[in-house]
2 protein chains.
Amino acid sequence: MSDLCVGLSDSSLPALYEQSTHINLDKSETLFLSDQAAEHIFNVREGTMTLYRMGAGGQRQILGFLFTGDLFGITPDASYNVSAQAGSEVSLCRWNKDRFDDLLVLYPAMAQQYRLITSKLLAQSLNLAFALGQLTAEQRLAGFLLHISQRQARIGGIPGFAALPMSRMDIADYLGLTIETVSRGLTRLRKKGLISMVTRDLIELSDLKTLSRMNQGEEA
Amino acid sequence: MSDLCVGLSDSSLPALYEQSTHINLDKSETLFLSDQAAEHIFNVREGTMTLYRMGAGGQRQILGFLFTGDLFGITPDASYNVSAQAGSEVSLCRWNKDRFDDLLVLYPAMAQQYRLITSKLLAQSLNLAFALGQLTAEQRLAGFLLHISQRQARIGGIPGFAALPMSRMDIADYLGLTIETVSRGLTRLRKKGLISMVTRDLIELSDLKTLSRMNQGEEA
DNA sequence: CGGTTTGTTGAGTTCTATCAACCGGGGTGG
DNA sequence: CCACCCCGGTTGATAGAACTCAACAAACCG
């Protein structure tokens with residue numbers, strides 16, 4: 001998958017791993033802010049990172065929840081275009097931007113992997129834009145739960161369940177909603193029998209088919 | 001800039017241009033649909049293309065208006081994740097996906113250019129997600145006009161003016177609004193003295209500073 | 001155990017969508 | 001040439017989804 005650094009020692013590209021610096025962050029620690037000079041590229045080894053952007057009016061749009069294996073810090077400009085904060089205790093790999101580029105030139109297979117990763121990032125952000133532009137609160141929530149559960153299934157979670165390590169505030173800021181609307185939405189999904197809440201932060205997706213249809217934008 | 005094919009004959013990478021097929025489309029012609037097998041990558045030589053995604057309920061989210069020099073058709077999967085339609089008479093360069101990859105391996109400078117382009121695409125779609133998630137109708141419109149005028153200034157437009165070659169419907173579907181809200185929004189921006197409408201489709205941005213602040217999400 | 005934080009539920013407001021009427025330019029045909 | 005229609009855009013009235021403000025409940029922590 002997107003494993004560039006994680007478990008890289010046993011891959012065919014040990015150079016990348018060797019050239020990286022390891023970093024650890026505590027929960028809520030800020031790694032970098034939007035508009036700061038972009039010197040590094042990062043990869044999540046363990047934990048979760050949150051990418052977001054603040055508006056001048058204090059709005060926060062979360063643009064991605066990152067999990068193990070995810071790459072971030074990519075920008076076309078000299079500065080980052082998002083801010084990055086640890087969502088949990090986190091351990092990261094870090095490369096100097098220019099060094100990273102050198103490595104990609106040196107190892108074409110790695111460059112190809114990089115292209116695959118970035119195209120996935122692009123696809124993800126198009127998905128988010130579609131959701132924010134066209135889906136209702138409930139539909140966005142359905143998609144969010146599916147997304148999280150699929151993401152977690154790949155890194156050892158229970159299929160059909162979504163663990164929510166982030167707060168309702170984070171979910172709201174990701175889906176372009178308020179915490180109240182998120183809360184109400186979850187309640188309505190529950191009352192419709194599409195999900196059930198094991199705990200506040202662990203949700204069972206009981207009707208994957210309907211949830212998936214909702215995420216496609218099917219009318220109620 | 002993103003000129004991979006346009007004017008490539010006089011650049012340092014003639015190989016890319018030589019390996020491309022040229023295609024012409026009439027206005028409104030569909031180039032490919034979402035979920036179709038992705039065999040090619042394209043570059044706009046002249047005209048405008050529209051990338052969009054349809055929802056199961058008939059919603060359309062436009063995910064990008066493409067102009068001269070823009071690259072599209074990038075997907076991590078075997079099929080496209082958006083649909084592409086000509087917004088005007090259009091002429092394109094086309095490469096076979098695999099051939100294109102070969103070229104990138106062959107020419108590292110080209111691969112680097114490609115990485116820059118994709119990171120710009122990513123940045124753009126993050127901008128859209130921020131706008132759709134956090135900005136009001138008026139703020140989105142302000143940003144849209146700025147975006148268009150900047151885009152056009154680079155390819156020979158008049159700075160401070162935005163020509164809108166697309167319909168109100170297209171603008172609405174891009175900004176996650178309805179045509180009525182777009183219309184009202186433009187009227188309000190006009191009444192505030194931030195823009196003036198030379199014609200329906202040519203708008204003068206009279207107060208770039210305020211428009212820009214609005215796009216950052218500053219409260220009314 | 002009290003106090004603080006996080007999440008849920010309720011009541012009222014606001015912004016955008018919906019439904020409908022109207023306007024104006026561009027093409028067509030009488 | 002002009003009347004007519006058609007289509008895209010604007011404006012108006014109303015409805016609905018999500019937001020705001022506020023109270024309450026539940027979990028968390030010292």
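First the proteins, then the strands, lettered A, B, ... as listed; each starts at 1. Here the structure is a predicted model, which is why all the values come from computation and not from measurement.
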Could you tell me the separation between the CG atom of Asp173(B) and the P atom of dG9(D), rounded to a whole number of Å? 12 Å

Rounded to whole Å, please give me the gap between CG in Leu175(B) and C1' in dT16(C). 13 Å

Any luck finding a side-chain donor-acceptor pair between Gln139(B) and Thr136(B) under 3.5 Å? yes

How many whole angstroms separate atom CG of Asp201(B) from atom P of dG25(C)? 13 Å

List the residues meeting salt bridge (charged side-chain N to carboxylate O under 4.0 Å, His left out) with Lys192(B), not counting sequence neighbours, and say none if there are none. Glu138(B)

Provide, to the nearest angstrom, the distance between the CG atom belonging to Asp170(B) and the P atom belonging to dC7(D). 17 Å

Quick one: side chain to side chain donor-acceptor pair (under 3.5 Å) pairs with a partner in residues 161-174 of chain A, sequence neighbours left out? Arg60(A)-Asp170(A), Arg60(A)-Asp173(A)

Between dT14(C) (C1') and Gln139(B) (CD): distance, integer Å: 15 Å

In whole angstrom, give the distance that lies between atom CG of Leu202(B) and atom P of dG25(C). 16 Å

For a quick check, with a 4.0 angstrom heavy-atom cut-off, what is the B/S/- contact string for nucleotides 10-19 of chain D, read 5' to 3'? BBBB----SS

Could you verify whether a donor N or O on one side chain and an acceptor N or O on the other, from Arg53(B) and Asn127(A), lie under 3.5 Å apart? yes

Between Tyr80(B) and Phe42(B), how do the two ring planes meet: parallel, tilted or perpendicular, split at 30° and 60°? tilted

Rounded to whole Å, please give me the gap between CG in Leu132(B) and P in dC15(C). 19 Å

Within-4.5 Å side-chain heavy-atom neighbours: His40(A) and Trp95(A): no

